[in-house]
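Below is one structure; the comments refer to it alone.
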Amino acid sequence: MANLQFDLVSPERRLASVEATEVQIPGADGDMTAMAGHAPTITTLRPGILRVTHGGTTEEYVVLGGFAEISATSVSVLAEQALHRDELTQEVYDQMIADAKELYKKHEEVFENEPGPVDDAAKLIADMVAIGSHIGLDPNQSNFG
């Protein structure tokens with residue numbers, strides 16, 4: 001099976017640079033899988049789980065926004081925020097949920113009668129809950145007020 005170069009970077013660091021057989025991407029318009037020979041595509045990311053298969057194993061990364069550039073020979077993901085699945089502990093997850101809820105509250109105050117930013121912040125919370133539920137973390141473990 002043909003491989004493609006996969007690179008994942010966030011503003012803080014490079015998380016991965018491997019030869020992969022496939023990359024499953026949480027695109028804003030739906031999940032997609034990129035493999036060698038894929039048509040050139042650029043997609044924005046929604047918060048979700050990005051999976052990379054290489055060397056017979058699959059690694060998972062939690063990404064929060066950004067975009068992916070796909071070509072026949074490579075996938076480059078520039079994430080606004082990204083963590084390897086193993087780094088997403090309940091404590092880290094709790095802080096991410098708290099940050100998303102704080103953003104929602106700020107948007108409710110600042111963007112009164114402007115649903116766009118408020119809706120986006122509410123969607124972020126829903127996406128974060130879905131991520132946690134998928135990987136076995138409890139969004140209700142702490143009292144977020």
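Quick caveat: nothing in here was measured; it's all calculated off a predicted structure. Numbers here simply count residues along the sequence, with the first being 1.
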Can you name the salt bridge (Lys or Arg N to Asp or Glu O under 4.0 Å) partners of [X], sequence neighbours left out?
X: Glu69; value: none
X: Lys106; value: none
X: Asp31; value: Arg46
X: Asp7; value: Arg14

Open item on the list: If you apply the rule side-chain contact (heavy atoms from CB on, under 4.5 Å), what do you find for Leu83 with Val92, and how did you get there?
Closed with: CA-CA 10 Å; Leu83 295 169; Val92 171; 3.8 Å; yes
side-chain contact (heavy atoms from CB on, under 4.5 Å) with [X]: which residues, sequence neighbours excluded?
X: Glu19; value: Asn3, Gln5
X: Arg51; value: Gln24, Ile49, Thr58, Glu60, His134
X: Ala122; value: Tyr104

Open item on the list: Taking ring-ring contact (aromatic ring centres under 6.0 Å, His included) as the cut-off, I'd like each qualifying pair that reaches into residues 17-45, sequence neighbours left out, listed once.
Closed with: none
TODO: Could you name each residue pair satisfying ring-ring contact (aromatic ring centres under 6.0 Å, His included) that touches residues 45-66, not counting sequence neighbours?
DONE: Tyr61-His84
Nearest heavy atoms of [X] and [Y], plus distance in Å:
X: Val129; Y: Tyr93; answer: CA-OH, 3.3 Å
X: Gly27; Y: Thr43; answer: CA-OG1, 4.0 Å
X: Leu4; Y: Ala36; answer: CD2-N, 3.7 Å
X: Val63; Y: Pro26; answer: CG2-CG, 3.7 Å
X: Asp127; Y: Lys123; answer: OD1-NZ, 2.6 Å

TODO: Mind checking side chain to side chain donor-acceptor pair (under 3.5 Å) for Thr89 and listing every partner two or more places apart, or none if nothing turns up?
DONE: none
Open item on the list: Applying side chain to side chain donor-acceptor pair (under 3.5 Å), can you list everything that pairs with Ser10, at least two apart in sequence or on another chain?
Closed with: Glu12
Open item on the list: With a 3.5 Å distance limit and no angle check, can you tell me whether Ser133 reaches the backbone of Ile131 through a side-chain donor-acceptor pair?
Closed with: no
Task: side-chain contact (heavy atoms from CB on, under 4.5 Å) between Ile70 and Met32, intermediate numbers included - done: CA-CA 11 Å; Ile70 304 164; Met32 62 188 309; 3.8 Å; yes
- [ ] May I ask whether Ile42 and Leu8 are part of the same hydrophobic cluster, defined by side-chain heavy atoms of I, L, V, M, F, W, Y residues being less than 4.5 angstrom apart, directly or through others?
- [x] no
Working to the nearest 0.5 Å, report the span between [atom1] of [X] and [atom2] of [Y].
X: Leu45; Y: Leu64; atom1: CG; atom2: CG; result: 10.0 Å
X: Leu103; Y: His107; atom1: CG; atom2: NE2; result: 4.0 Å
X: Met96; Y: Ile125; atom1: CE; atom2: CD1; result: 13.0 Å

Review item, side-chain donor-acceptor pairs of residues 72-80, under 3.5 Å, at least two apart:
| residue | atom | partner | partner atom | Å |
| --- | --- | --- | --- | --- |
| Ser74 | OG | Ser71 | OG | 3.0 |

Task: Derivation of the side-chain contact (heavy atoms from CB on, under 4.5 Å) call for Val9 and Arg13 - done: CA-CA 6 Å; Val9 296; Arg13 62 188 170 143; over 6 Å; no
TODO: For the residue pair Phe6 and Leu50, establish whether any side-chain heavy-atom pair is separated by less than 4.5 Å.
DONE: yes
